[in-house]
Amino acid sequence: MPELPEVETIRRSLEPKLLGRTIEKVYVFLERIVKKPGAGEFSRLLAGRKIISLDRRGKYLLVRLEGDYTWVVHLRMTGQLIYAPEKLKHRHLRLAFLLDNGHWLNFIDMRTFGSMYLLPDDRLGEIRGLATMGPEPLSDRFSVEEFYRRLQKRKRAVKTVLLDQTVVAGLGNIYADEALFLAGIDPRREAASLSKTEVERLYQAVVRALRQGLRNRGTTFRDYLDGAGEKGKNQYYLNVYHRGGKPCRRCGTGIVKIRVGGRGTSFCPNCQK
DNA sequence: CATTTACCCTGATCGC
DNA sequence: TGCGATCAGGGTAAAT
C-alpha cells in the first residue's frame, strides 16, 4: 500500500528515467483505471507528449507534460509503475507506455483500484482528492498550529483523523500507526482530546515516521515496488504495524491489534496512552 | 461542515 | 483436502 514514502521513492527512481522522454504509444488493457478523460481520449492526448518533470502531492504522482497537461497517477492499494526495457509479461498489467528510447513504463495493479487522469493544468482542480489535499507533512507548509486546530475540531479517533488526507497529506495505515507509536498516543483517543503538548509530539512523530520510511525506500509487505521494481526495507524497522502479538521493541509488552474506524490498527498498550 | 456507509477488486488466509 | 467466508485497505461519492 503505497503511502507518501513509497510514492516519493517511486518518483525519485523514475525521475532520471523519464525526464525529457516522449511517450510514443499508450496501451490501455483495463479502461476503468482511466478516470478522465475516456481511455481513447487519454491515449490520444498522451501519445507524442514530452515529460517535463515528475512531482508528487500526497499519494498522487504528477507527470508534467509539454503543452500544459498533467498526467496524474494514484496507485491506491496495489498499483506499481515499473520502468523496464520491455513490456512486462504480467497477468495484472493494466496499461503500458512505450517511450521514445524503446523502454516501457508498465502499470501493474492486481486489485485494479489504481486511477489515472490526464488534464490541462488549469483543470487539475477537477480531481477532488488533489483539490482538497491537506499540507505536505515534509514541507514548511505543515505547521503544528494548523495541525492542532484541525485535530481540535474532530470527535473521531485520532488514528482515523490521521488517515484523512485533508488534514495531512500522504499518511496511510502503516505510517499512521507508526507515528502514533512514536508519539506514545493511543490510536483510539478522540482527536480533540489531545493536549497541545501531545499534538506537538504527534506532529514530530509524523515527520519522523515518514522520513524513516523514505530513508529505507518504503515498506514492502507484499506488493510495493519502486520504479525499478525494487523492494523497500522499512518493513524491518517498524515498531507496531504488522507486529500484532510480537513484543514491543521498547518495553516488551505484546503489541495488540484492534480495529479503529474499520481499519486494522496495531499499538503497544503500555507505551501508548 | 463532520461523519458514516457502500463500493471498487483479487488473492491470501481462516474456519469448519 | 475442499471450499465458502472473511480480510486486506485508499479514497471517493452519496447519504445522514
Side-chain angles (χ1 to χ4, degrees), chain A residues 1-8 10 28-36 39 56-62 72-81 90-95 107-117 119 124-134 136-137 146-180 187-194 206 210 213 218-225 235 238 240-245 257-267:
Chain A
M1 38 238 84
E3 306 178 24
L4 188 152
E6 288 75 30
V7 179
E8 179 61 21
I10 291 169
V28 181
F29 306 115
L30 186 62
E31 297 200 352
R32 67 181 150 69
I33 300 281
V34 181
K35 309 298 180 189
K36 272 184 192 181
R56 179 193 55 75
R57 184 78 175 89
K59 302 173 193 173
Y60 288 88
L61 202 60
L62 307 174
V72 180
V73 181
H74 197 301
L75 305 169
R76 285 298 205 285
M77 300 290 297
T78 56
Q80 304 172 334
L81 266 181
H90 193 295
R91 62 185 300 212
H92 301 311
L93 182 71
R94 310 303 187 189
L95 293 97
F107 182 73
I108 294 169
D109 187 6
M110 183 183 80
R111 281 185 176 147
T112 76
F113 287 178
S115 47
M116 290 195 189
Y117 306 80
L119 289 169
L124 286 176
E126 292 177 20
I127 303 171
R128 204 155 176 285
L130 259 187
T132 61
M133 184 81 64
E136 281 295 323
E146 192 195 339
F147 191 44
Y148 180 66
R149 278 197 299 274
R150 295 274 209 153
L151 292 175
Q152 283 293 301
K153 289 183 195 164
R154 308 290 293 266
K155 306 280 285 181
R156 295 300 94 205
V158 59
K159 155 76 180 270
T160 304
V161 179
L162 284 183
L163 293 176
D164 183 340
Q165 303 297 298
T166 69
V167 172
V168 54
L171 287 177
N173 221 25
I174 298 173
Y175 297 97
D177 279 5
E178 291 299 310
L180 286 162
R188 298 166 293 188
R189 290 269 305 278
E190 180 186 310
S193 80
L194 268 62
V206 164
L210 293 172
T219 304
T220 300
F221 275 111
R222 185 176 303 142
D223 303 296
Y224 166 70
L225 299 174
Q235 60 277 17
L238 299 176
V240 287
Y241 184 83
H242 223 273
R243 296 196 68 242
K257 183 164 182 193
I258 58 171
R259 295 195 82 76
V260 175
R263 289 286 185 257
T265 300
S266 304
F267 73 109

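Numbered from 1 within each chain, the chains take letters A, B, ... in sequence-line order. Side chains included, hydrogens not; waters and symmetry mates left out as well; all remaining heavy atoms used.
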[X], nearest nucleotide to its side chain (from [options]):
X         : options                   : value
Met110(A) : dG10(C), dT12(C), dG11(B) : dG11(B)
Tyr241(A) : dG9(C), dC9(B), dG10(C)   : dG9(C)
His92(A)  : dG11(B), dG11(C), dG10(C) : dG11(B)

Flag the pair [X] and [Y] as a salt bridge only when some basic side-chain nitrogen lies within less than 4.0 angstrom of an acidic carboxylate oxygen.
X         : Y        : result
Glu126(A) : Lys36(A) : yes
Glu136(A) : Arg56(A) : yes
Lys59(A)  : Glu3(A)  : no
Asp109(A) : Arg76(A) : no

Practice task
May I ask you to check whether Tyr241(A) and Tyr175(A) place their ring centers less than 6.0 Å from one another?
Solution key: no
Would one find a side-chain N or O of [X] under 4.0 angstrom from OP1 or OP2 of [N]?
X         : N       : answer
His74(A)  : dG11(C) : yes
Tyr224(A) : dG10(C) : no
Arg91(A)  : dG11(B) : yes
Arg76(A)  : dC9(B)  : no
Arg259(A) : dC7(C)  : no

Practice task
Look at all strands and tell whether Lys159(A) reaches a base, only sugar-phosphate, or nothing, counting heavy atoms closer than 4.0 Å.
Solution key: nothing
Practice task
Under 4.0 Å between any heavy atoms, over every strand shown, what does Phe221(A) touch: base, sugar-phosphate, or nothing? Just pick one.
Solution key: nothing
Every protein N/O lying under 3.5 Å from an N/O of nucleotides 2-4 of chain B:
unit_1	atom_1	unit_2	atom_2	d
dT3(B)	OP1	Lys155(A)	N	2.8
dT3(B)	OP2	Arg154(A)	NE	2.3
dT3(B)	OP2	Arg154(A)	NH2	3.3
dT4(B)	OP1	Arg156(A)	NH1	2.8
dT4(B)	OP2	Arg156(A)	NE	3.3

Handout entry: Aromatic ring of Phe113(A) stacked on base six-ring of dG10(C), 5.5 Å, 30°
Key = yes
What's the [atom1]-[atom2] distance between [X] and [N], to the nearest Å?
X         : N       : atom1 : atom2 : result
Met77(A)  : dG11(C) : CE    : C1'   : 11 Å
Leu162(A) : dG11(C) : CG    : P     : 13 Å
Met1(A)   : dT10(B) : CE    : P     : 18 Å
Leu4(A)   : dG10(C) : CG    : C1'   : 14 Å
Ile33(A)  : dG10(C) : CD1   : P     : 17 Å
Ile127(A) : dA13(C) : CD1   : P     : 11 Å
Ile174(A) : dG9(C)  : CD1   : P     : 8 Å
Asp223(A) : dG10(C) : CG    : C1'   : 13 Å

Problem - Residue whose nearest DNA chain C nucleotide is more 5′ - Arg128(A) or Asn173(A) - result: Asn173(A)
Taking the side chain as C-beta and beyond, is there a heavy-atom pair between [X] and [Y] under 4.5 Å?
X         : Y         : result
Asp177(A) : His242(A) : no
Leu124(A) : Val72(A)  : yes
Leu171(A) : Val206(A) : yes

